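Ligands are counted one by one from 1 in listed order, and the atoms in each one are counted from 1 as well. What you are looking at is a predicted structure, and each value in this text was computed from that prediction instead of being measured. Both backbone and side-chain heavy atoms feed into the values below; hydrogens, waters and symmetry mates do not.
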Amino acid sequence: MCPGGYVVPATSEANAVVTNGMSQWQRQGENANSAVVVSVRPEDFPGDDVLAGIALQRQIERSAFQRGGMSYAAPAQRWEDFLLNRATTAWGKVKPTYRPAAAMSDLNGLFPAFVSESLKAGIPLLAEKLSGFADGDAVLTAPETRSSAPYRIVRDEKGESSVGGLYPAGEGAGYAGGIMSSAADGMRSAEKICVG
Ligand SMILES: Cc1cc2nc3c(=O)[nH]c(=O)nc-3n(C[C@H](O)[C@H](O)[C@H](O)COP(=O)(O)OP(=O)(O)OC[C@H]3O[C@@H](n4cnc5c(N)ncnc54)[C@H](O)[C@@H]3O)c2cc1C
């Protein structure tokens, strides 16, 4: 979810749209851009099997594909329209920069209600520290569903999984989310393997 500008496609999966809020080199993009993360707990998953979190991701990503007109456009909405639960019909002073395209939409129907409610509660708080963050014309582009793995490959105190010699670490194994925590987990895992 990106109130601002530059987001990129983050998956090549068919019939799914996933974005990644990122800053361009030297932060010279047309708009300021940032991802807004909402906590999703296992009890929010649509089931209790081990891959239920992935099912939720896929449900949102496929819905985004549909809402974007099945052309890999990302659904997007003005912040004011999101607050008022109405689809955007015209951009304001902030123009989306997402490629291949941003499709005017109502993101309230894309997310589970608790996600929309969290965003509506959280973004105004961010705006108290970051001027303009909750401007009515700020653009939300969605979804960024791959910020961390919704499962964990279990490892023992030596960092080894139930498959001997396999040491799950980092984001894809479910022990980190982002650059710093992935790097720290990788270092910790390597130390355990080296020291024993
Ligand atoms: C566009 C983009 C922007 C991002 N921006 C940010 C940001 O601003 N801040 C932030 O904190 N995080 C950001 N992230 C997330 C961050 O990049 C990841 O959280 C982090 O890189 C995960 O580290 P990792 O070591 O767990 O996995 P990776 O960095 O994905 O490393 C996994 C490695 O395993 C290799 N590999 C995969 N399969 C095999 C195999 N079978 N055999 C051998 N090697 C294999 C891969 O080639 C890769 O080198 C961004 C991600 C993207 C895509």
Side-chain angles (χ1 to χ4, degrees), residues 1-42 50-51 53-54 56-58 60-62 64-65 68 72-76 94 96-103 107 110 115 118-119 122-123 126-127 129-130 132-133 138-195:
M1 175 68 81
C2 304
Y6 196 82
V7 286
V8 294
T11 180
S12 57
E13 194 173 325
N15 298 343
V17 167
V18 186
T19 66
N20 185 292
M22 56 172 277
S23 301
Q24 296 199 83
W25 186 64
Q26 292 191 335
R27 300 178 191 272
Q28 289 176 329
E30 187 177 328
N31 303 320
N33 182 51
S34 54
V36 180
V37 177
V38 172
S39 297
V40 180
R41 298 158 302 174
V50 72
L51 298 179
I54 291 183
L56 177 60
Q57 282 179 322
R58 288 191 169 148
I60 294 170
E61 292 163 9
R62 287 178 183 153
F65 178 75
Y72 295 98
V94 182
T97 52
Y98 178 84
R99 298 290 178 267
L107 302 180
L110 172 63
V115 173
S118 296
L119 291 168
I123 289 177
L126 286 172
K129 296 181 189 273
L130 296 166
F133 207 79
V139 176
L140 307 175
T141 309
E144 182 164 338
T145 35
R146 306 285 179 93
S147 53
S148 54
Y151 59 81
R152 177 169 281 181
I153 303 174
V154 179
R155 60 190 182 193
D156 64 18
E157 67 283 354
K158 292 179 186 158
E160 194 171 16
S161 72
S162 58
V163 177
L166 183 67
Y167 295 82
E171 186 166 291
Y175 289 94
I179 294 169
M180 293 304 293
S181 59
S182 295
D185 190 58
M187 286 174 66
R188 270 197 305 269
S189 299
E191 279 170 4
K192 280 183 184 167
I193 294 167
C194 293
V195 176

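A distance-only check finds a donor-acceptor pair linking the side chain of Glu160 to the backbone of Gly165 [under 3.5 Å]. Between the side chain of Tyr175 and the main chain of Ile153, a donor-acceptor pair closer than 3.5 Å is present.
Contacts with ligand 1 closer than 4.0 Å are made by heavy atoms of both the backbone and the side chain of Ile179.
Side-chain atoms of Glu30 and Thr97 include no donor-acceptor pair closer than 3.5 Å.
Considering both main-chain and side-chain atoms, Gly178 comes within under 3.5 Å of ligand 1 through a nitrogen or oxygen pair. For ligand 1, none of its N or O atoms has an N or O atom of Asn20 under 3.5 Å away.
For ligand 1, the atoms sitting less than 4.0 Å from at least one non-hydrogen atom of Gly170 are 26 (O), numbered in the order shown with element in parentheses.
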Item to check | side chain to side chain contact (heavy atoms under 4.5 Å, CB included) evaluation trace for Ile123 with Leu140 | outcome: CA-CA 11 Å; Ile123 289 177; Leu140 307 175; 4.2 Å; yes
